[in-house]
Number of protein chains: 2
Amino acid sequence: MNHGIRPSVQRVAIMEYLMKHHTHPTVDTIYHDLLATMPTLSRTTVYNTLELLHSHNAVQALTIDSRNVHYDGMMSPHAHFMCRCCGRIIDLPMHSDLPANPLPQHVSRVEQIQLNYSGVCDECNENNC
Amino acid sequence: MNHGIRPSVQRVAIMEYLMKHHTHPTVDTIYHDLLATMPTLSRTTVYNTLELLHSHNAVQALTIDSRNVHYDGMMSPHAHFMCRCCGRIIDLPMHSDLPANPLPQHVSRVEQIQLNYSGVCDECNENNC
DNA sequence: TACAAGTTTGAAACGATTACAAAGTTAAAA
DNA sequence: TTTTAACTTTGTAATCGTTTCAAACTTGTA
């Protein structure tokens with residue numbers, strides 16, 4: 001559960017935040033939400049911790065949004081959809097057990113796979129936003 | 001071929017650059033390379049043009065790299081691999097005709113799909129970089 | 001209790017991208 | 001042609017997510 005990472009108060013709070021909220025938050029969202037209960041929290045700590053968690057494979061760093069990185073505490077294989085209107089990111093099942101293994105040419109090690117969809121979500125489509 | 005876009009000198013140069021170079025360049029790479037032959041080219045024009053081409057589905061905007069957007073003039077379905085050491089992005093075949101159609105729940109319109117791998121490329125693995 | 005290693009913090013720097021207004025270009029009407 | 005309006009390019013300045021860095025703080029261990 002702690003992935004060999006020393007569990008400081010801040011790190012635990014950030015990891016718990018990601019386990020609880022499956023909203024694919026950005027650094028800033030996490031920072032602002034946690035600030036309510038941890039008034040001394042620094043944005044840098046959030047950056048550092050997410051980088052640490054990511055490098056220990058405890059969280060995913062989603063690059064679906066070119067504007068900023070989103071984080072995801074759910075590590076089981078699934079895809080993501082981002083609505084280009086409201087920006088929301090939602091989880092999608094990943095049917096096919098994707099081409100992970102037959103190691104592609106020129107590639108020695110595959111460490112991460114992301115399957116990203118984008119378009120318009122139901123809600124935005126109705127509000128033709 | 002021109003996707004309903006008025007073909008200014010700059011736009012044609014940028015589109016041709018992407019058709020010729022399958023290196024998934026960033027805005028800055030395109031800007032610098034074209035500057036050699038178009039000394040008055042502005043970085044803003046490159047941004048504007050790529051946004052225009054992208055919105056007309058003439059090019060892909062790859063979000064595989066959280067640092068900056070890369071562009072790809074090849075529109076046939078294929079996946080990408082980015083080496084975390086050298087940063088190079090290479091094309092991979094996309095075997096399985098991916099889950100595009102059975103429209104996922106909560107999604108009204110899928111406009112783009114990206115399948116992104118990352119890890120270490122052969123070359124970097126040898127130079128254990 | 002003291003020290004060293006590790007962690008957090010906040011300010012400053014960085015760099016990709018966007019906003020904006022002025023100058024330039026193009027196309028079509030008169 | 002000439003005029004005019006619409007479109008395009010340009011360069012500067014602003015924005016904002018992220019990184020850098022050093023000082024202050026905390027923790028575990030000697």
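Since we're looking at a predicted model, the values are computed, not measured. Chain naming here is simple, since letters A, B, ... match the order of the sequence lines and numbering starts at 1 in each.
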Residue pair B:D72, B:H22: steps toward the side chain to side chain donor-acceptor pair (under 3.5 Å) verdict: CA-CA 7 Å; B:D72 190 343; B:H22 293 172; over 6 Å; no
A:N68 and A:T26: side chain to side chain donor-acceptor pair (under 3.5 Å), yes or no, with the steps? CA-CA 7 Å; A:N68 33 195; A:T26 62; 4.8 Å; no
Looking at [X], does any N or O in its side chain come under 4.0 Å of the phosphate oxygens OP1/OP2 on [N]?
X     : N      : answer
A:T40 : C:dT9  : yes
A:T44 : D:dT19 : no
A:Q10 : D:dT26 : no
B:S8  : C:dT25 : no
A:R11 : C:dT7  : yes

Calculate the interatomic distance between [X] atom [atom1] and [N] atom [atom2]; express it in whole Å.
X     : N      : atom1 : atom2 : answer
B:D65 : D:dG17 : CG    : P     : 18 Å
A:L41 : C:dG10 : CG    : P     : 9 Å
B:R43 : C:dT17 : CZ    : C1'   : 10 Å
A:M38 : C:dG10 : CE    : P     : 12 Å
B:L52 : C:dT18 : CG    : P     : 14 Å
B:Y47 : D:dT10 : OH    : C1'   : 15 Å
A:N48 : D:dC25 : CG    : P     : 18 Å
A:R6  : D:dT26 : CZ    : P     : 14 Å

Checking contacts here: which listed nucleotide (D:dG17, C:dG10, C:dA16) is nearest the side-chain heavy atoms of A:S42?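 Of the options given, the side chain of A:S42 lies nearest C:dG10.
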To the nearest 0.5 Å, what is the distance between CZ on A:F81 and CD on B:E111?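 So the CZ of A:F81 and the CD of B:E111 are separated by 7.5 Å.
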Out of curiosity, A:M75 CE to A:L18 CG, how far, rounded to the nearest 0.5 Å?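 So the gap between those two atoms works out to 11.0 Å.
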Quick one: does any side-chain atom of [X] pair with a main-chain N or O of [Y] as donor and acceptor, under 3.5 Å?
X      : Y     : value
B:Q10  : B:L41 : no
A:E123 : A:C86 : no
B:H24  : B:I89 : yes

Could you check B:R67 against B:P39 and say which one's nearest nucleotide on DNA chain D is further toward the 5' end?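 Nearest-nucleotide comparison on DNA chain D picks B:P39.
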Tell me which residues in residues 23-34 of chain A lie within less than 4.0 Å of DNA chain C, going by non-hydrogen atoms.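 Heavy-atom contacts with DNA chain C come from no residue of residues 23-34 of chain A; none.
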Determine the contact category for B:T45: base if any of its heavy atoms lies under 4.0 Å from a base atom, sugar-phosphate if only primed atoms, P, OP1 or OP2 are that close, otherwise nothing.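 B:T45: base contact, heavy atoms under 4.0 Å.
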